Amino acid sequence: MAPRCAALPYSVCLIRRWPPTATLFLLHYICHPIPRILIGQKLDSVGIGNAKVGVGWASATMLCVVVVVAAHRKSNYRGLAEAKQCPSVCCWMLLMNTWSKYSELPFPYAKLREACQEWGCFRVMNHGVPVLLMSEMKRVARSLLDLPIETKNQNVEVTPGTAYIALGKVNSIYESLCLSDLNSPDAMQTFFSQLDVCPKHREVMETYSRATLVLVMDIANKLAKSLGLSDGSDLFKGWPCNMRMNKYSFNPETVGSCGIPMHTDGTFLTLLQDDDVVGGLEVVDSKPDSFVAVEPCPNTFFVLVGDLAVAWSNGRLSSAKHQVQCIEGRIRVSIGTFMSTPTYVAVEAPEEFVDPLNPRLYVPFTRDDYANLRRDKKMYTDEALSFLLARS
Ligand SMILES: O=C(O)CCC(=O)C(=O)O
Ligand SMILES: [Fe+2]
């Protein structure tokens, strides 16, 4: 059944600002899970943008919702931003249209492209991954990360970079378990037996992996389409994804210290379920060259463009520099789904991104070449890409 509850928290945000609209939103989602409202809106913007409202079913309730939302969308979405105290100029909210087959609604490709070119990150809501599944997965991650160190050490490397990162490796606060390949039932089973995961938790992990795989592929396809690739639907088929479950053992003494240092993701695209409550994620705001906080926003995913996507897009996309700081003394847990390029396939920009005015920026390289380069040069941001620039 369609996860209509996925959108409810946003109605809750609206409740704080404007009860009549919130009530109508609630009514809408309770009565009609199928029609969706699709909006791309820069959060700091007071302009309306090209919010689109579509109706799938003609009913009295829906009609009310559409009329009210159309009339007041400006205040609503400013309200949404303020209610969540999203301070950042970097953060776009994109509503995924999870029921596109019922809808004529256009996806805001231009907004997606702009977010990924300018900032390399955005938040996605209405994404189709059930809220309950997200919270169950968070509980499973927490329970696995609370296992004794000897058990967590069993999570050894399957492919490069997929081992447990123990406390003390990066710093004394951060640790991370890794499921090496969400596409591979064998890799799943390996992880389950490494950590002796119980059947209930296995089921949650399998379901969550399937759901996030679908979502990350969908986003990647939409991103490709937003860059003008005619039909991105098969472009990323079979591209590998791993999952990292991160725990930050923040406590009152660690406030002000670093949870994870500044980096860009060395992969293609990251779907991050950040902590619902404990903040600390920050992205670099390129213009003033400072960090801006990415406030928690329950039931959404934060998407980050990785360095491999920068090379693949021939420099059209930007990867977001980000870090996690301890801003409060409570344990923080996040789950990242990292989509990468296939192991032995060189990352190369499609022909469509190359022309006399935009010659190939990078020499072909594999994801492992890049991971090794980052490690050898001890460079964990996109600056490492400068070593792979093609000579003009
Ligand atoms: O925990 C977070 O919110 C961010 C984690 C992260 O940046 C990473 O795992 O690459
Ligand atoms: Fe990251």
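Keep in mind that what you see is a predicted model, and the values were worked out from it rather than measured. Whatever order the structure lists them in is the order used to number ligands and atoms, beginning at 1.
Glu282 is not listed as a side-chain neighbour of His322, based on a closest heavy-atom distance of 4.5 Å or more. Residues Tyr164 and Asn153 are in side-chain contact: their nearest non-hydrogen atoms beyond the backbone lie under 4.5 Å apart. When side chains are defined from C-beta on, Ser334 counts as touching Leu272, because their heavy atoms get closer than 4.5 Å.
Contacts of ligand 1 (protein heavy-atom distance under 4.0 Å) are Asn246, Tyr248, His263, Asp265, Leu272, Leu281, His322, Val324, Arg332, Ser334, Phe338.
Considering every non-hydrogen atom in both Ser249 and Ile331, the closest pair reads CA-CG1, 4.2 Å.
Side chains of Gln273 and Tyr208: a donor-acceptor N/O pair is present below 3.5 angstrom, by distance only.
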Can Asn246 and Tyr174 be said to form a side-chain hydrogen bond (donor to acceptor under 3.5 Å, both in side chains), step by step?
-> CA-CA 7 Å; Asn246 307 314; Tyr174 169 79; 3.2 Å; yes

Check against salt bridge (Lys or Arg N to Asp or Glu O under 4.0 Å), Asp307 and Arg374 | CA-CA 11 Å; Asp307 293 351; Arg374 278 169 59 118; 2.8 Å; yes

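Panel detail: the Fe ion (ligand 2) has protein N, O or S atoms under 2.8 Å away, 3 in number.
The only member of Phe353, Tyr362, Trp239, Phe365 that meets ring-ring contact (aromatic ring centres under 6.0 Å, His included) when paired with Trp312 is Phe353.
For the pair Arg332 and Phe250, the cation-pi test (distance below 6.0 Å, angle within 45°) is failed.
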